[in-house]
Amino acid sequence: MALRTICIWPDPALKEIAKPVEQVTEETRALVRDLFDTMYHEKGVGLAATQLAVPQRVLVIDLDPKGEATKDQAYADELADWGFTGPVALINPKFLEADGKIDFEEGCLSVPGVTETVQRKGHVVVEAQNEKGELFKVDAYGLFAVALQHENDHLDGKVFVDYLSKLKRDVIRHKMERLKQDRDGEASESVA
Ligand SMILES: [Zn+2]
């Protein structure tokens with residue numbers, strides 16, 4: 001298990017446009033494992049390689065990280081309606097279809113403690129490669145469609161705060177600066 005550090009917005013690494021993975025190798029699979037490990041550790045439901053300052057087109061999603069669907073039939077039904085069948089890694093995702101509209105309150109591990117409503121497409125069809133390099137398709141609705149668009153945005157150097165007003169973004173920027181100062185303060189204390 002390897003945990004990696006998640007870049008906090010507005011880290012310039014988050015603006016980088018990720019490059020396609022030319023060949024799925026053991027290194028790609030290690031990256032996928034680290035993405036899952038880091039995402040679960042930070043209690044997120046999605047993570048893109050860009051957030052680890054690795055500019056490669058790889059993302060992971062798990063809408064049921066605590067396994068609640070096994071105890072909660074309503075949530076299991078909802079996941080099924082969204083087309084979500086379990087933890088999934090997408091390498092070189094490509095959107096084939098996108099339609100409908102959905103407003104969803106989003107959060108991001110790169111913008112901790114902040115949630116804002118963003119409008120996305122309500123249905124997407126995405127083709128990607130799996131950890132073996134094989135092509136597969138996902139047909140996603142609801143939160144699954146939102147997560148795919150949110151994570152794919154990261155691969156294009158975009159963060160959900162880019163959809164907000166400048167005023168809101170400035171407030172969030174201040175919040176992140178304070179958070180960073182607190183974290184840097186803790187780090188230097190532990191060194192001393
Ligand atoms: Zn994010």
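The structure presented is a predicted model; accordingly, all values stated were derived computationally and were not measured. Note that the numbering runs from 1 along the sequence shown for the chain. Order of appearance sets the numbers: ligands from 1, and atoms from 1 within every ligand.
Side chains of Asp103 and Val118 form no contact here, defined as non-hydrogen atoms less than 4.5 Å apart.
Looking at Asp11 and Lys180, no side-chain N of the basic residue comes within less than 4.0 Å of a carboxylate O on the acidic one, giving no salt bridge.
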Practice item. Give the intermediate values and the outcome of salt bridge (Lys or Arg N to Asp or Glu O under 4.0 Å) for residues Lys121 and Glu97. Key: CA-CA 10 Å; Lys121 301 291 185 191; Glu97 283 175 47; over 6 Å; no
Exercise for review: Please step through salt bridge (Lys or Arg N to Asp or Glu O under 4.0 Å) for the pair Arg33 and Glu26, ending with a clear verdict.
Suggested key: CA-CA 10 Å; Arg33 283 195 297 274; Glu26 198 42 57; 3.5 Å; yes
Point to revise | Asp182/Arg178 under salt bridge (Lys or Arg N to Asp or Glu O under 4.0 Å): CA gap, chis, key distance, verdict | key: CA-CA 6 Å; Asp182 290 350; Arg178 280 201 305 273; over 6 Å; no
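Panel detail: the Zn ion (ligand 1) has protein N, O or S atoms under 2.8 Å away, 3 in number.
Residues meeting the ring pair (Phe, Tyr, Trp, His ring centres under 6.0 Å) test with Tyr141, sequence neighbours left out: His123.
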